[in-house]
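Here is the structure we will look at, set down as structure tokens.
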2 protein chains.
Amino acid sequence: MPSKPPPPITMDAVYAAPGYLFRRMQQIAVSIFMEECRDFDLTPVQYAALVAIHTHPGIDATRLSAVIAFDRSTLGSVIERLQAKNYIERKPSPEDKRIKLLYLTKSGAALLKEIIPAVERAQARMLEPLKPADRKTLMALLEQLVDLNNEASRVPLRAEDALEHLGKAG
Amino acid sequence: MPSKPPPPITMDAVYAAPGYLFRRMQQIAVSIFMEECRDFDLTPVQYAALVAIHTHPGIDATRLSAVIAFDRSTLGSVIERLQAKNYIERKPSPEDKRIKLLYLTKSGAALLKEIIPAVERAQARMLEPLKPADRKTLMALLEQLVDLNNEASRVPLRAEDALEHLGKAG
DNA sequence: CCTATATTGTAAGTATACTGTCAATCTCAA
DNA sequence: TTGAGATTGACAGTATACTTACAATATAGG
């Protein structure tokens, strides 16, 4: 029995591959975000970090990385930049000398409020070319897929766990 | 008339935002690709470049960037790494002294053949958690969205145009 | 022919995103 | 209590991904 011949190597196979489409869509999403938020000098990642710190004041970097599914190393430089721009501040923890607690500054809180309409415009623009029903379908499937694949990523999202150790156990 | 109060700022809003899901899915996709292709020392981007050079031998870097929707600057270092690993070679064009033509080496062609099963396993694994019908729906919608948003990205895909100037016009 | 303009590859600078490693610190169990 | 192991933030190293800028080269118009 002859084995199946290998499929031809074509760009069309690349263009239709999930991995390629995910990369392409991510590029597009970042591009749209940066365009809508041009006035604010804030990247998508920096925005997510600000929201998380706003929601969980006094979080530390390691837990923050779990809450936004971010590598700890990467997050270090993100935090540095946010601090350099005076949007957040770091205070040493009295309980654990290794830890630095993160808080929004007034400037950071104000920025967050102001930028939200631009962020929502960006999010809407990403899906705009689709029909409303298709937008819902796509988001529902993607949310499922990301959730079901959570453990496959190197830095899984740990939204709840992360907070159990924050002195707000419940 | 009082204006609508602003929506509360929550992490759930971030988790459901298209931009966040696209970034997360991209992280997961790269992670799975790297895991399946561990034996080969090739990144997703390097793989796409190899396929494109295989499909269009003698392509130059600028056209390659259009064919895989890649920034020219980024591509420079990708090409360098592929050359350092002896998977491609660059030859000066006799017609245009600015241009360097790209070709797969024997080693690169062999690698490409060998890696394909691993790449296909990776692509399959990304969608595995979904039901087959949902996989199709998701891919169809995503393909549409990427295509319709093509111009929104900084480096739009120009699959066909790019080749018209390659001496294969027609 | 010669000059304004465009293209090509390259480089410098910024920002994710990951792999490791490390010292300081904390925790827990023997 | 002390010592093994874990955690934390920091750092070095690699790889996208983008911006702007630049010199070398090519092209088109006058």
Side-chain angles (χ1 to χ4, degrees), chain A residues 19-20 22-35 38 41-49 59-66 68-85 90 92-102 153-156 162 165, chain B residues 19-20 22-35 38 41-49 59-66 68-85 90 92-102 153-156 162 165:
Chain A
Y20 180 82
F22 293 138
R23 176 170 72 77
R24 202 73 192 91
M25 196 57 231
Q26 154 75 356
Q27 285 179 330
I28 290 165
V30 171
S31 181
I32 291 175
F33 184 103
M34 296 304 285
E35 212 175 295
R38 188 179 300 140
D41 185 33
L42 208 63
T43 67
V45 167
Q46 288 168 15
Y47 171 76
I59 198 171
D60 63 284
T62 297
R63 256 149 287 280
L64 180 59
S65 90
I68 57 180
F70 238 68
D71 183 80
R72 240 170 8 123
S73 306
T74 307
L75 199 57
S77 54
V78 174
I79 288 174
E80 253 177 40
R81 281 185 280 275
L82 286 174
Q83 193 174 19
K85 291 193 251 191
R90 302 211 245 184
S93 161
E95 293 169 13
D96 189 330
K97 286 176 197 166
R98 294 170 305 178
I99 287 178
K100 297 177 185 174
L101 306 176
L102 302 171
S153 79
R154 186 79 171 93
V155 186
H165 311 284
Chain B
Y20 179 82
F22 293 139
R23 177 171 71 76
R24 201 74 191 90
M25 196 58 231
Q26 155 74 356
Q27 285 178 329
I28 290 165
V30 171
S31 181
I32 290 175
F33 184 102
M34 295 305 282
E35 214 176 293
R38 188 179 300 140
D41 185 34
L42 209 63
T43 67
V45 167
Q46 288 168 15
Y47 171 75
I59 197 172
D60 64 284
T62 296
R63 256 149 287 279
L64 181 58
S65 92
I68 57 180
F70 241 68
D71 182 80
R72 233 165 21 118
S73 307
T74 306
L75 200 56
S77 53
V78 174
I79 288 174
E80 253 176 38
R81 282 185 279 275
L82 285 174
Q83 194 174 19
K85 292 194 252 191
R90 303 163 98 173
S93 161
E95 293 169 13
D96 189 331
K97 285 177 198 168
R98 296 170 302 178
I99 288 180
K100 297 176 183 175
L101 307 176
L102 302 171
S153 77
R154 282 313 278 185
V155 185
H165 309 287

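Quick note on labels: first sequence line is chain A, next is B, and so on, each numbered from 1. Because the structure is a prediction, the values reported are computed rather than measured.
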note = Sequence neighbours excluded, the answer for side-chain contact (heavy atoms from CB on, under 4.5 Å) partners of S93(B) is E95(B), D96(B), I99(B), L101(B)
Which atom of Y20(A) lies closest to which atom of I68(B), heavy atoms considered = OH-O, 3.6 Å
query = Which atom names give the shortest non-hydrogen contact between L42(B) and F33(B), and what distance separates them?
reply = O-CE2, 3.5 Å
message = Can you give me the closest heavy-atom contact between S65(B) and L75(B), atom names plus distance?
response = N-CD2, 3.4 Å
request  = Rounded to the nearest angstrom, tell me the gap between atom CD1 in I79(A) and atom P in dG9(D).
outcome  = 8 Å
query = Whole Å only: how far is the CG atom of L75(B) from the C1' atom of dT8(C)?
reply = 13 Å
remark   = Expected string for nucleotides 9-17 of chain C under the B/S/- scheme (protein heavy atoms, under 4.0 Å, primed atoms plus P, OP1, OP2 as sugar-phosphate) is BSB---SBB
inquiry  = Looking only at side-chain N and O atoms, does R24(A) offer a donor or acceptor that is under 3.5 Å from a partner on Q27(A)?
reply    = yes
task = Please identify each residue that fulfils salt bridge (Lys or Arg N to Asp or Glu O under 4.0 Å) with K85(A), with sequence neighbours left out.
result = D41(A)
ask   = Taking atom C1' of dC18(C) as reference, at what distance in whole Å does atom CZ of R24(B) sit?
value = 13 Å
key: Between dA6(C) (C1') and K97(B) (NZ): distance, integer Å   = 18 Å
